[in-house]
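Notes follow once the structure below has been shown.
Chain identifiers are assigned alphabetically (A, B, ...) following the order of the sequence lines, protein sequences preceding nucleic acid strands; residue numbering begins at 1 within each chain. Everything numeric in this text was worked out from a predicted model, so none of it was measured.
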Amino acid sequence: MAKEYNFREIEKKWHQRWVEQQTYRVTEDPKRKKFYVLNMFPYPSGAGLHVGHPLGYIASDIYARYKRLQGFNVLNPMGYDAYGLPAEQYAIKTGQHPEKTTFQNIDRYREQLDKIGFSFDWDREVRTCSPDYYKWTQWAFQKMFKSFFCNKTQKAMPIEVLTEHFEKEGTGDWDVACTEEMNFTAEEWNSWDEKKQSDVLMNYRLAFMGETMVNWCPALGTVLANDEVVNGVSERGGYPVEQKKMRQWCLRVSAYSQRLLDGLETIDWSESIKETQKNWIGRSEGAEIRIPYTLSIEGEQEGEFTIFTTRADTMFGVTFFVLAPESELVDKVTTPEQRAAVDEYIKYVKGRTERERMIDHTVTGVFSGAYGINPITGDKCPIYVAEYVLAGYGTGAIMAVPAHDSRDYAFAKHFDLPIIPLVEGADVSEESYDAKEGIVMNSPRAEGGSVNYDGECLNLNGKTIKEAIAETKRFVKAHKLGRVKVNYRLRDAIFSRQRYWGEPFPVYYKNGIPTMIPEECLPIELPQVDKFLPTETGEPPLGNATKWAWDEQNKKIVENSLIDEKTIFPIELYTMPGFAGSSAYYLRYMDPHNQEALVSEKAAAYWQNVDLYVGGSEHATGHLIYSRFWNKFLFDLGVSKKEEPFQKLINQGMIQGWSSFVYRLRNTNKFVSFDLLDEQYDDAKKKNLYFYQGTEADPVYADISMVNGNVLNVEKIRQWTVEFRDAEFILNANGQYIVNQAIEKMSKSKYNVVNPDDICENYGADTLRLYEMFLGPIEQSKPWDVAGIDGCFRFLKKFWMLFWDKDGQLQADDSEPTAENMKSLHKLIKKVSADIEEFSYNTSIPAFMVATSELSSQKCRSRKVLEPLVVVLAPFCPHIAEELWEAMGHETTVCDAPWPKWDDKFLVESTVKMPVQFNGKVRFTLDLPADMPKEEVEKTALSAPEAGKYLEGQQIVKTVVVPGRIINIVIKPA
RNA sequence: GCCCAGAUGGUGGAAUUGGUAGACACGAGGGACUUAAAAUCCCUUGGCCUAACAGCCGUACGGGUUCGAGUCCCGUUCCGGGCACCA
């Protein structure tokens with residue numbers, strides 16, 4: 001009786017064995033080289049794992065196991081990003097504490113993960129919601145609060161250094177990152193009270209409280225970070241978002257703009273994700289120029305404002321200036337005559353949502369009544385207020401050059417303002433000429449058209465635009481008309497949320513001054529509340545807590561009723577956003593149980609940073625920016641040992657699901673088979689509408705399990721939900737109900753989720769692992785399709801049968817392998833080694849299949865072939881590999897076997913490339929060692945079987961070996 | 001609009017980076033074993049023409065470089081991703 005491949009028994013056995021023997025436990029081992037593999041940890045949702053989740057975990061597990069086989073000390077941890085909105089919303093609905101549902105979900109995740117056979121070291125598990133963990137999130141926040149950023153050294157420094165400087169010299173000319181430029185003397189600083197000083201310091205702290213425009217989402221009752229808003233609506237739920245000025249905690253991420261940009265050059269990430277981050281950081285070099293203004297065309301100078309431009313060369317084409325409606329300058333420049341019009345315009349702008357502003361680009365604006373004086377030409381140009389200028393970027397004020405900027409052009413056309421072309425040959429009668437190429441003219445337009453500064457006038461005529469930009473910058477700088485400035489689009493991150501289920505801030509308010517709770521008192525644990533909703537007075541949910549006050553003397557949390565504003569003060573009601581807990585978790589995995597530090601010096605020094613990070617590309621502008629920022633800050637503190645946290649990044653694609661739709665006739669309970677419907681494209685809605693005998697039919701999701709192919713199981717769906725129980729189904733001519741199918745993101749709400757447990761049950765984890773990799777390149781998104789899984793399962797059965805004879809006896813002996821055996825094996829090792837290094841696992845699987853069928857038909861029995869074969873399969877299918885390894889008499893785990901090396905000598909004959917005949921020559925390309933002597937190369941080439949075909953009966957005139965690889969054999973022409 | 005990545009059979013996708021395009025798998029068709037089914041095994045499967053051999057055409061489209069192009073260069077079309085009034 002042949003020995004069956006009983007995957008259920010095998011996998012159960014090894015899961016137990018791995019736990020008992022602590023196979024995947026890792027500790028620092030200075031004798032071995034480290035390798036740190038990490039997956040983006042999951043948010044434990046109530047739906048459990050679907051087949052898409054393990055894709056990245058399997059890919060990284062294969063790499064981790066491969067590295068271990070190569071002798072590295074591999075850290076491959078896993079944990080949970082446990083704070084999140086769904087648990088909180090569930091809590092609001094049911095009153096169930098989010099911790100409870102979160103822990104239930106975590107248990108379910110763990111159970112599912114364990115079935116797949118990962119090599120995670122579960123002793124290092126972290127949960128962002130556990131006080132042991134978020135103690136260090138709070139700690140890092142406090143460190144940021146106590147730091148500022150020096151632009152010159154590009155480093156974070158302790159805030160005391162800055163206060164000391166203020167005490168002695170005031171602001172001086174120290175270039176430090178700040179919210180707005182400030183200027184004060186030491187005397188002024190020293191004269192201020194504690195409150196005023198605290199307010200001023202907020203301008204410099206890396207974690208600070210700022211009055212900023214925030215994305216306020218009324219439906220969610222909270223503010224959102226920029227990356228949480230997509231197309232003007234909230235990423236979660238798709239609710240409208242409006243702009244609102246609020247006092248919020250912020251992180252000065254923008255201070256690190258340049259380092260975040262520079263760091264991209266040193267890391268091994270995909271070009272597209274680096275590009276996305278570069279766009280998000282949005283560096284642009286330009287100039288800030290001061291513009292004096294008057295309140296009437298003949299009036300005297302009233303004051304000045306500063307504009308930012310990247311096109312300093314176009315100063316001679318300025319015909320008006322524009323201020324952002326939110327700019328504080330608007331008030332100053334508005335003349336009494338224009339006051340009413342401006343106020344009305346501001347009101348209109350405020351009433352518009354972010355979304356409206358994004359979609360609708362109609363030209364709007366209003367004249368302020370004032371005139372700006374162009375410092376180069378001396379011209380007076382009207383100052384407008386218009387929403388196309390953004391308050392948050394540059395200085396919130398621009399000089400408008402309609403000839404060479406399409407937005408200014410549209411504005412000028414609308415308000416009938418002059419357009420002056422500055423580039424030779426540029427036709428600006430229909431549209432602006434925005435390109436930065438060409439020769440400058442009209443700059444100045446005539447003799448004396450340029451203001452004289454210290455005997456020098458600016459003249460750009462005849463220069464290329466690039467030269468003109470540089471020349472203008474020089475002129476502006478030399479005559480102190482402004483300064484050269486680099487601007488970044490990257491905004492400071494808004495760091496507080498009006499939610500319950502998040503890290504509480506270790507902050508209390510002492511007479512209105514935000515004060516840090518002493519470090520030794522951390523963590524400040526999330527208080528109990530009886531309701532998870534905001535309070536009736538509109539405070540965040542933590543306002544419901546009754547024990548949420550800080551006793552400064554006794555250093556403990558006490559009842560709110562004791563607040564006296566002398567020794568007992570209220571604690572911050574905000575919580576931290578989702579990215580807080582995920583920003584430094586990779587450091588905590590290095591030393592997860594340390595009570596004294598986020599990570600010990602020793603562990604940080606050993607593990608350094610993550611060598612391979614695997615996760616979705618949707619985090620490009622969120623988590624992957626924040627954690628780089630966070631790490632750079634910790635690097636400045638000396639806690640993190642590397643400037644960049646993730647050396648190599650692989651973005652796995654999504655696995656999509658097949659959604660199925662049934663169609664209900666509007667206002668009826670009748671469902672019509674999809675093939676009976678008439679289709680109509682609706683331009684306005686950009687989608688197809690469906691009709692049955694003139695009545696519109698609306699799509700309704702049907703669960704994937706109700707559908708076989710595209711045929712609906714009508715009986716099954718009747719039992720699914722009440723909605724379908726008594727429905728009438730109109731079938732097609734074949735008596736079938738056909739559903740419409742679409743590929744969509746796999747999600748519970750789309751009823752297209754495929755669960756990995758069923759696959760493990762029916763085929764085993766090894767088949768699941770293999771199949772997920774076989775589905776296609778790891779970085780690509782692809783729909784889940786079980787059709788191909790049989791092929792992988794069949795392969796594993798064939799592989800298994802390679803080791804057992806008809807009687808169920810192991811057929812491995814000490815015989816010498818044949819050349820053929822060695823060729824099959826070494827071809828495989830070479831291919832798989834290269835594939836794993838490049839993460840193209842999908843192409844390894846065909847190689848396994850070919851090698852298996854080759855060795856099978858060769859009736860290979862030799863241990864010298866079979867043992868390495870098992871090791872090579874082990875990263876992909878660890879269970880079957882362990883079982884066979886043990887069967888071959890090994891007492892140690894296959895995880896510690898050495899990764900086999902291939903030897904080209906077994907492969908030589910197979911690597912002759914296609915010989916080509918031309919001009920009486922035959923050319924070969926051989927893959928041979930570079931140091932092989934010329935005669936050897938020639939001999940190998942001539943003896944290659946492929947060569948015979950071409951050289952048979954030909955007279956060889958001469959052979960030419962091109963160094964190493966190519967050989968030209970010249971034959972006598974026929 | 002700007003930036004990035006793509007386009008190969010009925011399908012997912014290979015092609016050692018310029019050397020026999022379509023590996024491997026799925027699907028489809030045919031066959032063997034079997035009372036039958038399942039399982040397993042074998043054959044065929046890009047298109048056209050052909051009884052067959054042979055031949056011709058084929059990697060989105062149009063050009064180019066080369067003895068030789070899926071691969072390199074120029075242009076076009078289409079799909080996907082990112083950014084988007086960022087001055």
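- Counting to the nearest Å, the P atom of C85(B) and the CZ atom of F308(A) are 17 Å from each other.
- One C1' atom belongs to G46(B), the other to A38(B), and the distance between them is 33 Å to the nearest Å.
- Counting only heavy atoms from C-beta outward, the side chains of I469(A) and R311(A) approach each other to under 4.5 Å.
- In the model, S270(A) has no side-chain atom that pairs as donor or acceptor with a side-chain atom of E779(A) under 3.5 Å.
- Here the separation of C57(B) from A69(B), taken at their P atoms, is 13 Å to the nearest Å.
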Protein-nucleotides 1-8 of chain B N/O pairs closer than 3.5 Å?
from	atom 1	to	atom 2	distance (Å)
C3(B)	O2'	E275(A)	OE2	2.8

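- Here the side chains of F876(A) and I836(A) are in contact, with some heavy-atom distance below 4.5 Å.
- For the residue pair S254(A) and D492(A), a side-chain donor N or O sits within less than 3.5 Å of a side-chain acceptor on the partner.
- Taking OG1 of T364(A) as the start and NE2 of H414(A) as the end, the distance is 8.5 Å to the nearest 0.5 Å.
- Nucleic acid contact class of S406(A) (heavy atoms, under 4.0 Å, all strands): none.
- In G9(B) the O4'-C1'-N dihedral to the base is within 90° of 0, which defines a syn nucleotide.
- A 4.5 Å side-chain heavy-atom check between M801(A) and Y5(A) finds every atom pair outside the cut-off.
- Within the 4.5 Å cutoff, side-chain heavy atoms of L649(A) are placed close to those of L624(A).
- Taking the C1' atoms as reference points, C43(B) lies 24 Å from C49(B), given to the whole Å.
- The backbone N or O of A620(A) lies less than 3.5 Å from a partner atom in the side chain of Q277(A), making a donor-acceptor pair.
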(request) Toss me the dot-bracket line for RNA chain B: Watson-Crick and G-U wobble, both under 3.5 Å, 5' to 3', using | for pairs to another strand and [ ] for crossers. (result) ((((.((..(((......[....)))((((((.......))))))(((......)))..(((((..]....))))))).))))....
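- Looking at heavy-atom distances under 4.0 Å, K797(A) makes contact with sugar-phosphate atoms alone, never a base.
- Ring geometry, F411(A) versus F415(A): the interplanar angle falls from 30° to 60°, so the pair is classed tilted.
- Nearest-nucleotide positions on RNA chain B for L775(A) and G394(A) put L775(A) closer to the 5' end.
- One P atom belongs to A28(B), the other to U76(B), and the distance between them is 43 Å to the nearest Å.
- Atom NE2 of H361(A) and atom C1' of C83(B) are 13 Å apart (whole Å).
- Rounded to whole Å, the P atom of A25(B) lies 15 Å from the corresponding atom of U45(B).
- Between F848(A) and F795(A), the ring-plane angle classifies as tilted under the 30° and 60° cut-offs.
- R794(A) has no carboxylate O lying under 4.0 Å from a charged side-chain N of D790(A), or vice versa, which leaves the two without a salt bridge.
- Nucleotide U17(B) carries a syn base; the chi torsion (O4'-C1'-N9-C4 or O4'-C1'-N1-C2) is within 90° of 0.
- Distance Q277(A) CD to C83(B) P: 11 Å, rounded to the nearest Å.
- Backbone-only contact: Q780(A) has heavy atoms under 4.0 Å from sugar-phosphate atoms and none from a base.
- Judged by the 6.0 Å distance and 45° axis criteria, R628(A) is positioned over the aromatic ring of W269(A).
- If you check every strand for non-hydrogen atoms under 4.0 Å, P777(A) touches sugar and phosphate atoms only.
- Following rounding to the nearest Å, Y841(A) (OH) and G13(B) (C1') show an atom-to-atom distance of 18 Å.
- Taking atom P on both nucleotides, G80(B) is separated from G31(B) by 44 Å, rounded to a whole Å.
- Rounded to whole Å, the C1' atom of A60(B) lies 15 Å from the corresponding atom of G9(B).
- Distance, I465(A) CD1 to A87(B) P: 15 Å, rounded to whole Å.
- As judged by a 4.0 angstrom heavy-atom cut-off over every strand, V322(A) is placed among residues making no nucleic acid contact.
- Classification of the Y293(A)-F305(A) ring pair by plane angle, with boundaries at 30° and 60°, yields tilted.
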Any N/O pairs under 3.5 Å between the protein and nucleotides 23-31 of chain B? List them or say none.
from	atom 1	to	atom 2	distance (Å)
C26(B)	OP1	R794(A)	NH2	2.6

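- Distances shown here put a side-chain N or O of S284(A) below 4.0 Å from the OP1 or OP2 atom of A87(B).
- Dashed line: the shortest gap from a side-chain N or O of Y388(A) to OP1 or OP2 of A87(B) is not under 4.0 Å.
- When the C1' atom of U40(B) is taken as reference, atom CZ of F793(A) falls 13 Å away, rounded to whole Å.
- Summarising the geometry, the separation between CG on L828(A) and P on A14(B) is reported as 18 Å, rounded to the nearest angstrom.
- Taking atom C1' in both C24(B) and G75(B), one finds a spacing of 36 Å when rounded to whole Å.
- Taking atom CH2 of residue W800(A) and atom P of nucleotide U40(B), one finds them 17 Å apart after rounding to whole Å.
- The ring-ring contact (aromatic ring centres under 6.0 Å, His included) test with Y771(A) is passed by exactly one of F793(A), Y841(A), W784(A): W784(A).
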